Enquirer: 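First the structure, which I've put down as structure tokens, then a few questions once you've had a look.
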There are 2 protein chains.
Amino acid sequence: MNTVLLVEDEKEIRRFVRQALQGEGCQVREAETMAQGLQEAASVKPQLIMLDLGLPDGDGVDFVQRLRSWSQVPVLVVSARSTEHDKILVLDAGADDYLTKPFSVGELLARVRALLRRSRTDNELTTPVVQFGNVEVDLTRRLVSKAQQPVHLTAMEFKLLSVLLANAGRVLTHRHLLREVWGGTHSDHNHYLRIYVAHLRQKLEDNPTQPVYLQTEIGVGYRFQP
Amino acid sequence: MNTVLLVEDEKEIRRFVRQALQGEGCQVREAETMAQGLQEAASVKPQLIMLDLGLPDGDGVDFVQRLRSWSQVPVLVVSARSTEHDKILVLDAGADDYLTKPFSVGELLARVRALLRRSRTDNELTTPVVQFGNVEVDLTRRLVSKAQQPVHLTAMEFKLLSVLLANAGRVLTHRHLLREVWGGTHSDHNHYLRIYVAHLRQKLEDNPTQPVYLQTEIGVGYRFQP
DNA sequence: TCACGCATTTACACCTTTTTTACACTCACC
DNA sequence: GGTGAGTGTAAAAAAGGTGTAAATGCGTGA
């Protein structure tokens, strides 16, 4: 059975949409705020997230970006705001579809079906907790532990680790990592990467001098190997 | 590069959309009828199909159903007809998104990007792995193994191997290989090839002195024989 | 204000890869 | 049998990338 997470503050709409989705045979979870929505997304692991942009406690673009750092779950955005600019921003942030209020139930359900059809229930990408060796990383809570002992990572270290983990097995070029972690302007400071990868190895690898999980691809970049 | 197939009968709109998509770095193929569209979809294998429902020679629902019998390529439907019923029918037939004319270029492109983004990550799950003998090469992850043991290749070695594998069975001239791997300026250093082909044989062939997969074509170049 | 943590910079030793250089081998041809 | 073009190995020298440690700068909260 598919689970849909509904992030919406208006009780009336929640009730309305919930009934429609349940009629489709979906299980429905609800969240009233974006913060709560992110938590639910992590714990419930829904097959689809339906997000209202008009929530008081946060920006939809930010929500999607943070979600996308660890999950590929399809996101259907619903909003009363419907300027072209809004749509483009949130779609490019990683949302999959955008529906303008007021919408018809039929179309909503058809779009939900289309998204669910495509969605793969591949938990690998949607698991907020990544494990390797005796290390555990909780991407949403920003908690890292090694051998049951908490490990403190700085903001940059954590961001770098997140990007590497989100692309497990793949080689990420220096350029790509720098753009993701430091932003476009620093795409030529390869030194940064060496230093921060060294930090991560020091904190997470059993034998930092012979890394197993954080591998170097000389001349290319780095790779997280689970 | 992504290829988009545009199935649309109005010349003006084709020109308009083509320019927008090309501005995104997409290659664009065009079809004026649904029949032609299906043919092109089969031969071109685009990463995305943009379909106008208002074509004279057929029904969009039928088009999508027939397409879906053999292809999972994302379909973005565009139409002047915009009754809820139309949308639901074509979405349930297998289309992925529905945009009502007139639409803004910005939103169109954002939705195209969203669809391409998802199909790309879908494809990455099924990584193409080339096998020969007891050797496995994962081109996208840059991983090579022989008899289940990981084999380390340098950047140049991997690049050379990639080019050879991408043209399996065909002879590649010295000139061609040098231009692909080292760039145009080094197209006369045949020595390099001998050295690096030797490295690859040493690492991948069962009997490096009598190569089976990496063959020499004397006076011409090299060939990868699967 | 001060101490502290973190991002950034600097410095240096080390290692891998690339390029260069040298030499042995094959095989047709004279 | 010599010759020479094309090829395969094995080493060097050169170039460039990498890992570590420590110093600097900068903002924050005590």
Side-chain angles (χ1 to χ4, degrees), chain A residues 142 144 150-164 171-223, chain B residues 142 144 150-164 171-223:
Chain A
R142 312 184 128 254
V144 182
V151 173
H152 174 69
L153 296 190
T154 72
M156 293 268 127
E157 288 166 359
F158 189 85
K159 206 165 178 182
L160 175 59
L161 182 64
S162 301
V163 176
L164 286 166
V171 182
L172 300 176
T173 63
H174 300 130
R175 198 190 179 70
H176 184 262
L177 285 168
L178 285 165
R179 291 174 71 90
E180 286 285 324
V181 178
W182 276 267
T185 55
H186 297 73
S187 53
D188 55 340
H189 294 93
N190 289 9
H191 327 284
Y192 293 5
L193 281 176
R194 287 199 271 284
I195 292 162
Y196 278 87
V197 169
H199 287 171
L200 289 177
R201 284 176 178 155
Q202 205 63 41
K203 294 181 178 180
L204 303 180
E205 291 275 358
D206 288 324
N207 186 354
T209 57
Q210 301 200 347
V212 175
Y213 305 109
L214 300 171
Q215 299 177 346
T216 304
E217 289 286 325
I218 297 183
V220 185
Y222 292 90
R223 170 213 315 266
Chain B
R142 293 184 75 95
V144 182
V151 173
H152 175 69
L153 296 189
T154 72
M156 296 262 122
E157 289 166 358
F158 190 85
K159 207 166 177 183
L160 175 59
L161 182 64
S162 301
V163 176
L164 286 166
V171 184
L172 300 176
T173 63
H174 299 131
R175 196 188 181 71
H176 183 261
L177 284 169
L178 285 164
R179 290 173 73 89
E180 286 284 325
V181 179
W182 276 267
T185 56
H186 297 75
S187 53
D188 56 339
H189 293 92
N190 288 11
H191 327 282
Y192 292 4
L193 281 177
R194 287 199 270 286
I195 293 164
Y196 278 87
V197 169
H199 287 171
L200 289 177
R201 285 175 177 155
Q202 204 63 43
K203 293 180 177 181
L204 303 180
E205 292 275 359
D206 288 323
N207 186 353
T209 58
Q210 300 198 347
V212 176
Y213 305 110
L214 299 171
Q215 299 177 346
T216 304
E217 291 286 328
I218 295 182
V220 186
Y222 293 90
R223 170 215 312 265

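Chain identifiers are assigned alphabetically (A, B, ...) following the order of the sequence lines, protein sequences preceding nucleic acid strands; residue numbering begins at 1 within each chain. Just so it is clear, the model here is predicted, and its values are computed rather than measured.
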Enquirer: Rounding to an integer number of Å, can you tell me how far Leu214(B) CG sits from dG8(D) P?
Expert: 11 Å
Enquirer: Any donor-acceptor pair under 3.5 Å linking the side chain of Glu205(A) with the backbone of Tyr213(A)?
Expert: yes
Enquirer: Between Arg194(B) and dG8(D), is there a contact of a side-chain N or O with OP1 or OP2 at under 4.0 Å?
Expert: no
Enquirer: Tell me the interatomic distance from Ile218(A), atom CD1, to dC15(C), atom C1', rounded to whole angstroms.
Expert: 8 Å
Enquirer: How many whole angstroms separate atom CG of Asn190(B) from atom C1' of dA5(D)?
Expert: 12 Å
Enquirer: Would you mind reading off the distance between Leu178(A) atom CG and dT8(C) atom P, rounded to a whole angstrom?
Expert: 11 Å
Enquirer: Using a heavy-atom cut-off of under 4.0 Å over every strand shown, decide if His199(A) touches base, sugar-phosphate, or nothing.
Expert: nothing
Enquirer: Rounded to the nearest Å, what distance is computed from the CG atom of residue Leu200(A) to the C1' atom of nucleotide dT20(D)?
Expert: 15 Å
Enquirer: Look at Trp182(A) and dT8(C) and indicate whether a side-chain polar atom (N or O) is within less than 4.0 Å of OP1 or OP2.
Expert: yes
Enquirer: Restricting to non-hydrogen atoms, name the atom on His199(B) and the atom on Glu157(B) that form the minimum distance, rounded to 0.1 Å.
Expert: ND1-OE2, 3.2 Å
Enquirer: Just compare dG19(D), dA21(D), dA7(C) and give me whichever is closest to any side-chain atom of Ile195(A).
Expert: dA21(D)
Enquirer: OP1, OP2 of dA7(C) versus side-chain N and O of Thr154(A): anything below 4.0 Å?
Expert: yes
Enquirer: For the pair Tyr196(B) and Trp182(B), name the ring-plane relationship: parallel under 30°, tilted 30 to 60°, perpendicular over 60°.
Expert: perpendicular
Enquirer: Thr216(A) side chain: which of dA7(C), dT20(D), dG19(D) is closest?
Expert: dG19(D)
Enquirer: Any idea which heavy atoms bring Ile218(A) and Ala155(B) closest together, and the distance?
Expert: O-CB, 4.4 Å
Enquirer: Whole Å only: how far is the CD atom of Gln202(A) from the C1' atom of dA21(D)?
Expert: 11 Å
Enquirer: In whole angstrom, what separates Met156(A)'s CE from dC6(C)'s C1'?
Expert: 10 Å
Enquirer: Ignoring hydrogens and geometry, is there a side-chain-to-backbone donor-acceptor pair from Glu217(A) to Arg223(A) under 3.5 Å?
Expert: no
Enquirer: Give a yes/no answer on whether the side chain of Tyr196(A) brings an N or O atom under 4.0 Å of OP1 or OP2 in dC6(C).
Expert: no
Enquirer: Checking all strands, does His152(A) fall into the base, sugar-phosphate, or nothing category for heavy-atom contacts under 4.0 angstrom?
Expert: sugar-phosphate
Enquirer: Rounded off to whole Å, could you give me the CG-to-C1' distance for the Leu193(B) and dG8(D) pair?
Expert: 13 Å
Enquirer: Under 4.0 Å from OP1 or OP2 of dG6(D): is there any side-chain N or O of Tyr222(B) that close?
Expert: no
Enquirer: Establish, with yes or no, whether the OP1 or OP2 oxygen of dT20(C) is under 4.0 angstrom from a side-chain nitrogen or oxygen of Tyr192(B).
Expert: yes
